Amino acid sequence: DISTDCNARVTVYGPTDQVFVTAQMNLAFTYTASTSSEFDIAIRINRYKGFIDTSSTSTDLANRDYLFDFDSVVSEVVYPFSVAGSGSETIETIFTTVLDSPSYGYYWYILEVQFNSTGGSVNVTQDELFLRSLSAQVVKQ
């Protein structure tokens with residue numbers, strides 16, 4: 001996955017907490033295919049679980065660093081493409097209020113992109129993000 005600059009960190013305190021996540025992104029890309037080819041673009045909101053970096057030598061507990069492990073794909077949209085030659089495309093993706101109910105802990109939500117070749121020989125030569133955002137809010141119940 002290719003991470004974007006759209007991300008948010010939240011703390012879930014209890015089993016009834018829910019995280020509301022919204023995101024959007026406009027992606028423009030160019031490609032070159034030497035033969036008829038197919039590929040998918042997956043736009044995802046991924047969740048990473050945080051844990052304290054115990055290898056840190058800092059004795060200041062308030063300023064210890066967190067590390068994150070991939071936890072789950074929260075939501076995903078996949079765009080299939082069949083192409084030949086070269087060209088460019090623009091896609092717009094909007095995630096409206098995705099509800100997530102992880103266990104208690106510290107989480108990092110990131111809007112990410114993945115290019116997957118499914119047949120043929122295709123290269124994405126350039127990709128550029130335009131309008132993009134992600135917000136996350138924990139709602140206590």
Side-chain angles (χ1 to χ4, degrees), residues 1-58 60-141:
D1 290 322
I2 302 168
S3 297
T4 70
D5 58 350
C6 301
N7 62 83
R9 294 183 183 187
V10 300
T11 302
V12 175
Y13 291 102
T16 61
D17 290 357
Q18 285 192 312
V19 182
F20 287 58
V21 184
T22 61
Q24 67 180 32
M25 174 174 53
N26 288 351
L27 171 68
F29 62 94
T30 58
Y31 60 85
T32 302
S34 57
T35 63
S36 292
S37 302
E38 296 178 354
F39 67 100
D40 294 336
I41 298 177
I43 310 294
R44 298 183 178 127
I45 298 173
N46 285 331
R47 180 179 69 220
Y48 295 82
K49 183 159 175 91
F51 58 95
I52 293 177
D53 181 3
T54 57
S55 66
S56 173
T57 57
S58 174
D60 181 5
L61 295 179
N63 291 314
R64 293 180 84 180
D65 285 336
Y66 278 84
L67 299 176
F68 293 87
D69 283 334
F70 175 78
D71 193 41
S72 179
V73 174
V74 175
S75 190
E76 172 183 60
V77 177
V78 177
Y79 300 95
F81 289 91
S82 293
V83 298
S86 28
S88 62
E89 297 281 342
T90 301
I91 55 176
E92 177 182 49
T93 304
I94 299 174
F95 296 94
T96 57
T97 313
V98 177
L99 296 176
D100 191 30
S101 299
S103 181
Y104 70 91
Y106 188 51
Y107 295 95
W108 193 8
Y109 291 87
I110 306 174
L111 185 61
E112 298 184 314
V113 178
Q114 187 176 70
F115 297 93
N116 300 310
S117 177
T118 57
S121 176
V122 62
N123 290 316
V124 174
T125 56
Q126 181 179 0
D127 66 291
E128 185 174 0
L129 299 176
F130 293 99
L131 176 66
R132 60 197 182 277
S133 69
L134 180 139
S135 64
Q137 177 183 12
V138 177
V139 177
K140 312 289 184 196
Q141 292 188 356

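A quick note: this is a predicted structure, and the numbers were derived from the prediction, not measured. Computed from heavy atoms alone, side chains included, the values below leave out hydrogens, waters and symmetry copies.
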* To do: State the OG1-CD1 distance between Thr4 and Ile2, to the nearest 0.5 angstrom.
  => 10.5 Å

* **Point-to-point distance, once rounded to the nearest 0.5 Å, from CZ of Phe39 to OG1 of Thr118** => 9.0 Å

* To do: Can you label the angle between the Phe81 ring and the Phe29 ring as parallel, tilted or perpendicular, going by 30° and 60°?
  => perpendicular

Hey, does the side chain of [X] reach the backbone of [Y] with a donor-acceptor pair shorter than 3.5 angstrom?
X     : Y      : value
Ser37 : Ser121 : yes
Ser75 : Ile45  : no
Asp17 : Pro15  : no

* Between Thr30 and Thr125: side-chain donor-acceptor atoms closer than 3.5 Å -> yes

Search all heavy atoms of [X] against all heavy atoms of [Y] and return the closest pair with its distance.
X      : Y      : value
Lys140 : Thr11  : NZ-O, 4.3 Å
Thr35  : Gly120 : OG1-CA, 4.1 Å
Leu111 : Ala23  : CD1-CB, 4.1 Å

* Quickly, which of Tyr48, Trp108, Tyr109 forms a ring-ring contact (aromatic ring centres under 6.0 Å, His included) with Phe68? Name it, please. => Trp108

* Are Arg44 and Glu76 ion-paired here, with the side-chain N under 4.0 Å from a carboxylate O? -> yes

